Amino acid sequence: MLRFILYRLASAIPTLVVVALAVFVLIRAIPGDPVTTMLGDQADPATVQALRQAYGLDGPWPWQFVLWVERLASGDLGQSITNGLPVAELVADRFSVTAGVVFPAVLIATLVAVPLGMIAAWRRGAGTDLAITACATLLMSIPTFWLGLLILMWLGLNLGWLPIVGYVGFAEDAGRALAYLVMPVLTLTIVEIGILTRMARANTVEVLRLEYVTHARAKGLPEHTVMARHVFPNAFAPTLTLVGLILGNLLGGIAVTETIFSLPGLGRLLVDAIYARDYPVVQGGLLFIAGLYVVINLIVDLLHPLFDPRVAA
C-alpha cells in the first residue's frame, strides 16, 4: 500500500510540472499588464518599473519561470500583486469557504442519489423507475446559476428565511455561517443528485444482470440482502470514481455559485485574479487545484478495493 501511494505521488510530479508551465505561459499570453492594471495608465514610468522589478516581472519569461519554480521548491507561492498578501494564505482562506459548501453538498447528494439509483434499477421499467429517471434527467438539465437564482429568490427574498448577501466565517458566528451556506449547498446538492442518480442506476442495472446475483436470489436470500450485500458494493465502485471527479471539479472553484451567493471562495478569487492579471495568485491557485485533483484521485483509488475486491490497490 505504501509503495502504491509513493508511486502515485511520484507519477503526479510530471503532471504538476506540465500544469505549472501551462498556467505560467497562458496567463502571460492574456493581453494586459498587472502593474499597469494596478497603478493605472497615467502612472509614473519609474514607479511602474520599480514595481515590476519588485515582483520579478522585468525579466524574460524563462527567467521568471525559473524564479517561480525556485520559490515553489521552498514552499513559497509568492505574494499577490493586488494586495501584497501571501498567495498560500489567500488560497487557504478562500478554499476553506469553498470546501464548506462542496463537501456537504457532495456528501448529501451521494447519500440521496445512490439509493434512488439502486431503487430505479431494481424497479427497472416500472413507474418508480420512470419517475426517478425523469426527475434525475430534469435536475441534470437545470443550469446551476438559474437554480441558484430561483432558490435565492424563494428562500431569501420571498420567504425571508435565509440571508441573501454577505458571508460570516465559522470563527465569528457558527450559526450565521451555517445560514449563509444553506442555499449554495442546496443548489449544488440538487444538481449533483441528478448526475449521481443516473450513474448509480446504470451501474446497478449492469450488476443485476450478473450471474452471482441470480445465484444469490436462487439461494433464497431476501431481496434487501441481495441488494445490500451483493449488488451495492460492486455497483457503487464506479459511482465512487464519479464522486471523486465531481468533488475535485467543485473544489477547484464554483465561481458562478459563489458569485450568486456572494461567497468569498476559491473560484471568485481566481476569477478576480485573472481580471487583475495577478500572476502569483492565478499560478498558485491553479497549481493548488491540480494538486488537489491528484490527492482526490489517490484517495478514490485507495477506497476502491473496499467496495470491489476484484480491484487491488
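Source: prediction; values computed, not measured.
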>> Could you go through Leu155 and Leu186, starting from their C-alpha distance and side-chain angles, then the distance that decides it, and tell me whether this counts as side chain to side chain contact (heavy atoms under 4.5 Å, CB included)?
In response: CA-CA 11 Å; Leu155 296 179; Leu186 180 61; 4.0 Å; yes
>> Within the 4.5 Å heavy-atom criterion, are Pro86 and Leu77 side-chain neighbours or not?
In response: no
> Under a single-linkage definition using a 4.5 Å side-chain heavy-atom cutoff for Ile, Leu, Val, Met, Phe, Trp and Tyr, are Leu149 and Ile151 assigned to the same hydrophobic cluster?
Replying inline: yes
> From Ile190 CD1 over to Ile108 CD1, what is the distance, rounded to the nearest 0.5 angstrom?
Replying inline: 10.5 Å
> Between Glu258 (side chain) and Leu263 (backbone), is there a donor-acceptor pair under 3.5 Å?
Replying inline: no
>> If hydrophobic clusters are built by linking Ile, Leu, Val, Met, Phe, Trp and Tyr wherever their side-chain heavy atoms come under 4.5 Å apart, do Ile254 and Leu107 end up in the same one?
In response: no
>> Donor-acceptor check, side chain of Asp278 to backbone of Ser80, threshold 3.5 angstrom: yes or no?
In response: no
> Does any N or O in the side chain of Thr133 come within less than 3.5 Å of the main-chain N or O of Leu130, such that one atom is a donor and the other an acceptor?
Replying inline: no
>> Nearest 0.5 angstrom please: Phe261 CZ to Tyr180 OH, how far?
In response: 13.5 Å
>> Determine whether a donor-acceptor pair (N or O, by modelled atom type, separation under 3.5 Å) exists between the side chain of Thr197 and the backbone of Ile193.
In response: yes
> Do Leu269 and Phe95 have side chains that get closer than 4.5 Å, going by heavy atoms?
Replying inline: no
> What are the two closest non-hydrogen atoms of Val226 and Ala216, and how far apart are they?
Replying inline: CG2-CB, 4.2 Å
> With a 4.5 Å limit on heavy-atom distance, are the side chains of Leu250 and Thr98 in contact?
Replying inline: no
>> Taking the side chain as everything from C-beta on, heavy atoms only, tell me whether Val281 gets closer than 4.5 Å to Thr82.
In response: no
>> With rounding to the nearest 0.5 angstrom, report the CG to OG1 distance, Leu147 to Thr187.
In response: 5.0 Å
> Which heavy-atom pair separates Ile296 from Gly244 by the least distance, and what is that distance?
Replying inline: CG2-O, 3.4 Å
> Pro233 and Ala228: which non-hydrogen atoms are nearest, and at how many Å?
Replying inline: CD-O, 3.6 Å
> How about Phe103 and Leu251: do any of their side-chain heavy atoms sit closer than 4.5 Å?
Replying inline: yes
>> Determine whether Arg201 and Asp129 satisfy the following criterion, side chain to side chain contact (heavy atoms under 4.5 Å, CB included), listing intermediate values before the conclusion.
In response: CA-CA 9 Å; Arg201 179 190 178 279; Asp129 177 28; 2.8 Å; yes
> Would you say Asn203's side chain and Met199's backbone share a donor-acceptor pair under 3.5 angstrom?
Replying inline: yes
> If we only count heavy atoms from C-beta on, is the Phe288 to Leu266 side-chain gap below 4.5 Å?
Replying inline: yes
>> Between Tyr212 and His230 (side chain of the first, backbone of the second, donor and acceptor by atom type, cut-off under 3.5 Å), is there such a pair?
In response: yes
> Under 3.5 Å, side chain of Glu192 to main-chain N/O of Ala109, donor-acceptor pair present?
Replying inline: no
> Under a 4.5 Å side-chain heavy-atom rule over Ile, Leu, Val, Met, Phe, Trp and Tyr, are Leu21 and Val17 clustered together?
Replying inline: no
> Would Val282 and Leu286 satisfy side chain to side chain contact (heavy atoms under 4.5 Å, CB included), going step by step from the backbone distance to the final call?
Replying inline: CA-CA 6 Å; Val282 177; Leu286 292 181; 3.9 Å; yes
> Can you find a pair of side-chain heavy atoms, one from Leu196 and one from Val114, that are under 4.5 Å apart?
Replying inline: no
>> Give me the atom names and distance for the closest heavy-atom approach of Thr204 to Ala235.
In response: OG1-CB, 3.7 Å
> Which atoms form the tightest heavy-atom contact between Val185 and Thr189, and what is the distance?
Replying inline: O-OG1, 2.7 Å
>> Test side-chain hydrogen bond (donor to acceptor under 3.5 Å, both in side chains) on Thr137 and Arg198; report intermediate values, then the result.
In response: CA-CA 8 Å; Thr137 303; Arg198 292 296 301 268; 2.7 Å; yes
> When clusters are formed by joining ILVMFWY residues with side-chain heavy atoms under 4.5 Å apart, either directly or through shared neighbours, do Ile142 and Leu150 land in the same one?
Replying inline: yes
> Hey, what do you get for OG1 (Thr110) to CG (Leu247), rounding to the nearest 0.5 Å?
Replying inline: 8.5 Å
> Passes side chain to side chain contact (heavy atoms under 4.5 Å, CB included), Tyr293 versus Asn249? Steps please.
Replying inline: CA-CA 8 Å; Tyr293 263 100; Asn249 181 52; 3.3 Å; yes
>> Counting only heavy atoms from other residues, nucleotides and ligands, does the tally under 6.0 Å from CH2 of Trp122 exceed 12?
In response: no
> Could you give the distance from CZ (Phe145) to CG (Leu152), rounded to the nearest 0.5 Å?
Replying inline: 14.0 Å
> What's the spacing between His215 NE2 and Leu221 CG if we round to 0.5 Å?
Replying inline: 8.5 Å
> Between Val205 and Leu116, is there a shared hydrophobic cluster once you connect ILVMFWY residues whose side-chain heavy atoms come closer than 4.5 Å?
Replying inline: no
> Does a side-chain heavy-atom distance below 4.5 Å link Met118 with Val231?
Replying inline: yes
> Any idea which heavy atoms bring Gly156 and Ile164 closest together, and the distance?
Replying inline: CA-CG2, 3.3 Å
